[in-house]
Amino acid sequence: MKLITLGTGTVALVGERVCAGHYVEAGAVRLLIDCGSGVTHRLAELGLPWREITHVAFTHFHLDHVSDFATLVFAWKYGDLPGRSAPLTLIGPSGTAALVGRIADAFGEWLRAPGFPINIVEIEPGSRIELGDGASIAATKVPHTEESVAYSIERGGRRVVYTGDTGYDPMFAEWARGADVLLCECSLPTEMAIPSHLTPEQCGALAAAALPKHFVLTHFYPPVERVDIRAIVGAHYAGPVTLAGDGFTFEIEED
Ligand SMILES: [Zn+2]
Ligand SMILES: [Zn+2]
């Protein structure tokens with residue numbers, strides 16, 4: 001498997017980090033998890049096969065995680081002629097179909113029927129969906145918004161887990177235990193802590209409980225970058241830590 005962090009920022013706009021979005025290759029599966037503003041252009045900038053994406057998955061419905069989805073569908077329809085014909089599977093928590101319906105109400109019918117089928121699959125927390133070619137995705141609930149989920153993508157005995165946006169939850173650490181890569185949000189420094197996001201201390205505690213083989217941090221608001229994230233996390237967890245940037249690639253060798 002391969003993970004590429006496309007968007008490691010938030011809606012606190014900075015030039016070098018676009019909003020949330022990550023690309024996972026698992027065999028023939030080309031999965032985009034979250035699709036915030038700027039992610040579509042990062043796909044092109046990095047030379048990734050954006051036309052061949054097979055699946056999109058939303059962790060939750062905050063704008064910084066979904067707003068480029070309409071752009072991506074528009075690109076598949078008009079960005080390259082002839083337009084896409086291959087079906088797309090859109091995975092998301094309960095409410096995903098209604099969200100797409102509301103976006104289509106605003107922008108037009110083309111979003112529901114862009115010339116290729118969009119199969120919307122609302123994933124139940126605790127369940128797993130086969131993606132094809134031996135890859136699967138599982139979801140679990142996380143404390144952020146009512147619908148928020150985290151994902152685990154698995155293939156060939158390897159596992160990439162992405163928190164999406166989340167507050168601290170020891171149950172999640174248990175679920176994520178032993179992931180090959182744990183891609184974890186790291187939003188705010190301790191003095192700005194809120195229950196729906198993680199601080200570097202909480203990220204460290206999460207890594208100490210989940211013991212991933214590689215702990216990768218993302219979703220940085222600018223104030224958190226003014227503290228020594230690496231040192232704070234390192235005080236809890238001795239394994240490899242990467243502070244991701246847009247376009248970082250993580251290769252996960254399969255069995
Ligand atoms: Zn959010
Ligand atoms: Zn976010």
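Residue numbers start at 1 and run along the sequence shown. Atoms within a ligand are numbered from 1 in the order they appear, just like the ligands themselves. Reckoned from all heavy atoms, side chains included, excluding hydrogens, waters and symmetry mates.
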Legend entry - Metal site the Zn ion (ligand 2): N/O/S of Cys19 inside 2.8 Å: no

Inset, instruction - May I ask you to check whether Trp110 and Tyr78 place their ring centers less than 6.0 Å from one another? - result: no

Inset, instruction - Considering just N/O/S atoms, say which atom of Asp165 is closest to the Zn ion (ligand 1). - result: OD2

Legend entry - 4.5 Å side-chain heavy-atom contact, Phe215 and Pro240: no

Inset, instruction - Report, as yes or no, whether the 6.0 Å neighbourhood of atom CD on Glu146 holds more than 12 heavy atoms from other residues, nucleotides or ligands. - result: no

Legend entry - Name of the His62 atom (N/O/S only) found closest to the Zn ion (ligand 1): ND1

Legend entry - Of all N/O/S atoms in Asp64, the name of the one nearest the Zn ion (ligand 2): OD2

Legend entry - Whether His65 has an N, O or S atom under 2.8 Å from the Zn ion (ligand 2): yes

Legend entry - the Zn ion (ligand 1) contact by His60, N, O or S atom under 2.8 Å: yes

Inset, instruction - Return yes if a side-chain donor-acceptor contact under 3.5 Å exists between Thr54 and Arg30, otherwise no. - result: no

Legend entry - Geometric cation-pi criterion Arg84 and Trp50, 6.0 Å radius, 45° cone: no

